[in-house]
Amino acid sequence: MAAFLFKTEPSDYAFADLVREKRVVWEGVSNNTALIHLRGVKKGDTVVIYHTGAEKSAVGLATVTKDPYPDPTLGDEKRVVVDLKPDAALAKRISLSTFKTDTVLRSTELVRNSRLSVMPLSAAHLRRLLELASA
DNA sequence: GCCAACGTTGGC
DNA sequence: GCCAACGTTGGC
């Protein structure tokens, strides 16, 4: 089972909205690199939700409930979406500055390419993130 | 509010 | 197919 990090601007859609609504169609990804990553997502994978803007922190966990499929509202086979359900909020949020300084997390795409909205996390990345989030 | 980094578009 | 101009994202 793989892990990914999805970014969202909390004033548009926050992790709390996902918790309240119990499920979401993760739509609106148009960047080609992000779409390539999104097509690699599978049902059952773990997703770390990251808030951009004022928060700049990983805030919660979600699980993929449906494999990627084309956005039914767009009619474009390349513009895929996935369905998510919320898991727990992180006990401790992981700030971008922590990502940048942590010896494990500094190799995430989040640090390397600040504009990428969907990116894979290695097993080591996820393990380290969960370790920091529960500490 | 600014700007760096990256993508996209369109003229050639 | 190249690249200049423009647009967007997101951190600062």
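Chain identifiers are assigned alphabetically (A, B, ...) following the order of the sequence lines, protein sequences preceding nucleic acid strands; residue numbering begins at 1 within each chain.
Remark: the backbone N or O of Lys7(A) is not paired with any side-chain donor or acceptor of Ser117(A) at under 3.5 angstrom.
Ring planes of Phe99(A) and Tyr50(A): perpendicular class, angle over 60° (limits at 30 and 60°).
Residue pairs satisfying the side chain to side chain donor-acceptor pair (under 3.5 Å) criterion with at least one member in residues 34-43 of chain A, sequence neighbours excluded, are absent.
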Counting primed atoms, P, OP1 and OP2 as sugar-phosphate and everything else as base, the B/S/- map of nucleotides 5-11 of chain C against protein heavy atoms under 4.0 Å is --BBBSS
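Side chains of Ser57(A) and Glu55(A): no donor on one and acceptor on the other come within 3.5 Å.
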For residues 27-36 of chain A, please give each side-chain donor-acceptor pair under 3.5 Å, one per line with the distance, not counting sequence neighbours.
| from | atom 1 | to | atom 2 | distance (Å) |
| --- | --- | --- | --- | --- |
| Asn31(A) | OD1 | Thr33(A) | N | 3.0 |
| Asn31(A) | OD1 | Ala34(A) | N | 2.9 |

